[in-house]
Amino acid sequence: MRITVASVLVDDQEKALRFYTEVLGFKEKVNVPVGDDRWITVVSPEDPDGVELALEPDAHPAAKTFKEALVADGIPYTAFAVGDVRAEHERLRGLGVRFTQEPAEMGPMISAVLDDTCGNLIQIQTFTG
Amino acid sequence: MDLVFKALADHTRRTILDELTDRDGQTLFEICARLATKHGLGSSRQAISQHLDVLEAAGLVETRREGRYKFHHINTAPLEPIVERWLKRAERD
């Protein structure tokens with residue numbers, strides 16, 4: 001068994017697709033209609049056959065409450081690895097991305113936390129050993 | 001002043017103030033992550049939240065809501081009366 005898909009709950013799939021591809025730099029992999037919504041996944045250009053991230057609609061009534069509670073306390077529910085957190089933080093900030101945690105050493109890694117504009121906080125991290 | 005001393009009497013709460021001095025304006029998540037990774041303090045998020053409530057009641061921490069996020073800031077003003085009462089008086093005498 002292996003992990004093929006992980007999900008983020010997004011408030012608007014089209015907006016999410018733009019943010020995750022144009023700002024974060026992922027590549028669209030699947031985009032097909034499923035009822036009123038779409039099944040959209042993105043992958044890392046560094047690993048196009050690797051784990052897919054599904055942009056899952058947050059229309060379920062429990063999802064919004066869950067997301068708001070996490071965001072209020074600054075909790076990133078999803079994390080992505082980057083080569084250099086500080087450089088990526090600079091790049092993304094230049095694109096207008098909002099961070100709730102600036103790059104900081106946290107044990108074996110440097111991490112920062114950004115707002116994905118779709119109702120989630122995302123941690124970016126670089127392991128330093 | 002009682003509330004200030006009560007707040008400062010706890011090691012974890014003093015460490016929280018240390019970390020807010022290192023960088024002011026942190027989310028609960030960042031404070032918890034710093035305590036766990038830098039200080040080996042494995043308190044639950046709920047316990048840290050309660051520590052922050054004590055610090056806030058003493059006026060040493062102030063919270064600020066910014067959009068959907070909540071940040072914690074250090075306020076050292078409640079420490080001034082302590083300095084005034086003993087240290088500065090000693091200087092005057």
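Each chain gets a letter, A, B and so on, in the order its sequence line appears, and its residues count up from 1.
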- Item | Presence of salt bridge, A/Lys67 and A/Asp58, under 4.0 angstrom |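 The answer is yes: the pair qualifies as a salt bridge.
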
> Does the pair B/Asp22/B/Lys38 count as a salt bridge with the N-to-O cut at 4.0 Å?
Replying inline: yes

Q) B/Lys70 versus chain A, heavy atoms under 4.5 Å apart: side chain, backbone, both or neither? A)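 Both the backbone and the side chain of B/Lys70 come within 4.5 Å of chain A.
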
For B/Gln26, which atoms come within 4.5 Å of any heavy atom of chain A: side chain, backbone, both, or neither?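 Contact with chain A is absent: no heavy atom of B/Gln26 under 4.5 Å.
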
Quick one: do the A/Thr41 and A/Glu52 side chains pair a donor with an acceptor below 3.5 Å?
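A donor-acceptor contact under 3.5 Å links the two side chains.
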
Discussion item. Is a donor from one side chain sitting under 3.5 angstrom from an acceptor on the other, for B/Glu56 and B/Thr63?
Written reply: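 Their side chains do contain a donor-acceptor pair, which is all the 3.5 Å distance test asks for.
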
Cut-off 4.5 Å, heavy atoms of chain B, and the answer for A/Leu70 is neither

Okay, A/Glu105 and chain B: the region with an atom under 4.5 Å from a heavy atom over there is backbone

